[in-house]
Amino acid sequence: MGVMMLHLVRIAVPGANAFLIRGARTILVDCGGAAHRDVLCAALAREGLAPSDLTLLLLTHAHAATAGNARWLQQAHRVPVAIHGADAPILATGCDRPHRPVSATAALVGWLDDPHFEPVIPDVVLGHSTPLWRHGVGATAVHTPGHTIGSVSVLCPAGDAIVGDLVMGGWFGVRSHHPARHWFAECPERVARSLALLERLGVERVHPAVGAELAMAEISRTLRIHAADRVGVSPARLRERRLAHVTTRGQLRPI
Ligand SMILES: [Zn+2]
């Protein structure tokens, strides 16, 4: 049997996109906030699916905006829930850990967010790299910490990755194809490393929870350099990196 093509469906839940990965079976990646359950149900119906048809709900991380319907899917529809081991304890508390804003605007956004959701004990605990073939799709969950310590990305063989809040697209709906740092990061120094890992693994298209599809090349060109700024890299080292960046791009830019 050859490799089955996977089909990705974005569900534009307000606050955080969810995604269907359709192969031999269908899994759901993230499930939106509880207040938007109708959006999720309508999208499943459009695909000809009942919630109980899902073989897995995989959470990229434990936040109210991405995990708000997890307990309902698990309890009412017997959908097993998967999350990385490092985020499992947060999922079980039903409350986001305090958000670590990366800027003053982010602090305001965090203040507006309701951090509570229905707590869930996961059925599947993900590790560093977990193939999902036993759930009917040929994708792999890879640990990409940064936004939370237990954040994962789901990689599809054609070069797509669903990344949760590792990075976001645009700013409040403007320029949503433009990569931007997410408002919150528990370990900001690991965001750049996780993005670099995805690039090394051959990811070309990044699908964030907030915003539209992003090109990996565009993320590498903008965010990773900026991320280095924020992790205490020495000014000399940073200048070297920027110079290298300018040289490899073959164009002059202000440094
Ligand atoms: Zn989040």
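Everything numeric here is computed off the predicted structure, so don't read it as measured data. Just follow the structure's listing: the first ligand is 1, and inside any ligand the first atom is 1.
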(message) Which residue is it: Asp160, Leu132, Val29, Leu56? I am looking for the one with a side-chain contact (heavy atoms from CB on, under 4.5 Å) to Ile21.
(response) Val29
(message) Ile149 and side-chain contact (heavy atoms from CB on, under 4.5 Å): which single residue from His61, Arg190, Glu186, His84 fits?
(response) Glu186
(request) For the Zn ion (ligand 1), decide whether His99 has an N, O or S atom at a distance under 2.8 Å. (result) no
(message) I'd like to know: is the Zn ion (ligand 1) within the 2.8 Å range of an N/O/S atom from Asp165, strictly under that distance?
(response) yes
(message) Assess the residue pair Leu40 and Ile11 against the criterion (side-chain contact (heavy atoms from CB on, under 4.5 Å)); give the C-alpha distance rounded to whole Å, side-chain angles, the decisive distance to 0.1 Å, and a yes or no.
(response) CA-CA 7 Å; Leu40 182 65; Ile11 304 174; 4.1 Å; yes
(message) Checking side-chain polar atoms at under 3.5 Å, does Ser194 have a donor or acceptor matched by the opposite partner on Thr144?
(response) no
(message) Tell me the angle that NE2 of His61 and ND1 of His63 form around the Zn ion (ligand 1), rounded to 10°.
(response) 100°
